[in-house]
Visitor: 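Structure below; questions to follow.
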Amino acid sequence: MISTNIGEDAKPLIKIASGGEMSRIMLAIKTVLADVDKSWVMVFDEIDTGISGKTANSVGEKLKKIAEKHQVLCVTHLANIVAKGDYNYFISKAVEENRTKTSIKKLTEEETIKEIARIASGDINEIAIEHAKVLRKIA
């Protein structure tokens, strides 16, 4: 049972939480248990659904804390979270010969900055790149 909003009665988690909320609840639990959890790898997907700004920074900080003791894999579309990653990968899909193929590429620091810029602004330009550098620096 959980209440995700002040003033609301506790209800079964499965009935009220979206996929993103479920991921963030799991993140909260894993953050608390990070010191004793024996899992080597933790995977978070959709953790950024419906969040931005301050909440995204908080989620990124919690992921970074867990990553001190575990391997964390996080699929994200938020620059704030990407900026906090030690290693970043770009995953893409393409149709080849009527089949969907998925590719993954480890990004260099320069590529990571450009990807943060693209995610944050929708374009890679001088201002977006400066913003991406600031996000990396404060991460």
Visitor: Between R24 and T49, which heavy-atom pair has the shortest distance, and what is it?
Guide: NH1-O, 2.8 Å
Visitor: So, are E68 and K64 salt-bridged, with charged N and O less than 4.0 Å apart?
Guide: no
Visitor: Please check if atom CG in L13 has more than 12 non-hydrogen atoms from other residues, nucleotides or ligands closer than 6.0 Å.
Guide: yes
Visitor: Can you tell me how far the CE atom of M42 sits from the NE2 atom of H70, to the nearest 0.5 Å?
Guide: 3.5 Å
Visitor: Could you tell me whether I14 atom CD1 has more than 12 heavy atoms of other residues or ligands within 6.0 Å of it?
Guide: no
Visitor: Show your working on side-chain contact (heavy atoms from CB on, under 4.5 Å) between L73 and F44 and close with a plain yes or no.
Guide: CA-CA 6 Å; L73 300 176; F44 296 92; over 6 Å; no
Visitor: Under 4.0 Å between a Lys/Arg side-chain N and an Asp/Glu carboxylate O for R118 and E115?
Guide: yes
Visitor: Out of curiosity, T112 OG1 to Y89 OH, how far, rounded to the nearest 0.5 Å?
Guide: 10.0 Å
Visitor: Within this structure, what is the CG-CE distance for the pair D45 and M26, rounded to the nearest 0.5 Å?
Guide: 13.5 Å
Visitor: Answer yes or no: does atom CD of E109 have more than 12 heavy-atom neighbours from other residues, nucleotides or ligands under 6.0 Å?
Guide: yes
Visitor: Check A83 against A139 and note the closest heavy-atom contact, atom names and distance.
Guide: O-CB, 3.3 Å
Visitor: Begin from the C-alpha positions of L63 and K84 and carry the test side-chain contact (heavy atoms from CB on, under 4.5 Å) through to its verdict.
Guide: CA-CA 9 Å; L63 289 166; K84 291 177 178 18; over 6 Å; no
Visitor: Indicate yes or no for a side-chain donor-acceptor contact from S121 to the backbone of A117 under 3.5 Å, with no hydrogens or angles considered.
Guide: yes
Visitor: What do you reckon, is NZ of K105 surrounded by more than 12 foreign heavy atoms closer than 6.0 Å?
Guide: yes
Visitor: Just verifying a value: how many Å separate T31 OG1 and I66 CD1, rounded to the nearest 0.5 Å?
Guide: 3.5 Å
Visitor: Is L78 reachable from L135 through a run of I, L, V, M, F, W or Y residues, each pair having side-chain heavy atoms under 4.5 Å apart?
Guide: no
Visitor: Which atom pair, heavy atoms only, marks the closest approach of A56 to I81?
Guide: O-CG1, 3.7 Å
Visitor: Hey, quick one: are I51 and I47 part of the same hydrophobic cluster, counting side-chain heavy atoms closer than 4.5 Å, chains of contacts allowed?
Guide: yes
Visitor: About how many Å separate CG of N88 and OG1 of T76, when rounded to the nearest 0.5 Å?
Guide: 9.5 Å
Visitor: Between K11 and I2, does a side-chain contact (heavy atoms from CB on, under 4.5 Å) hold up when you go through it step by step?
Guide: CA-CA 5 Å; K11 297 177 183 144; I2 188 168; over 6 Å; no
Visitor: Closest heavy-atom contact between A10 and M1?
Guide: O-CE, 3.5 Å
Visitor: Rounded at 0.5 Å granularity, tell me how far CG in D9 sits from CD1 in I16.
Guide: 10.0 Å
Visitor: Salt bridge or not between K106 and E111? Use side-chain N to carboxylate O under 4.0 Å.
Guide: no
Visitor: Sub-3.5 Å donor-acceptor pair from the side chain of S39 to the main-chain atoms of V41, do we have one?
Guide: no
Visitor: If you compare all heavy atoms of R136 against all heavy atoms of V82, which two are closest, and at what distance to 0.1 Å?
Guide: NH1-O, 3.8 Å
Visitor: Tell me, with the steps shown, if E130 and V134 meet side-chain contact (heavy atoms from CB on, under 4.5 Å).
Guide: CA-CA 6 Å; E130 286 306 311; V134 168; 5.7 Å; no
Visitor: Indicate, with yes or no, if L107 and I91 share a hydrophobic cluster defined by side-chain heavy-atom contacts under 4.5 Å among Ile, Leu, Val, Met, Phe, Trp and Tyr.
Guide: no
Visitor: Do any N or O atoms from the side chain of D123 and from the backbone of N125 form a donor-acceptor pair under 3.5 angstrom?
Guide: no
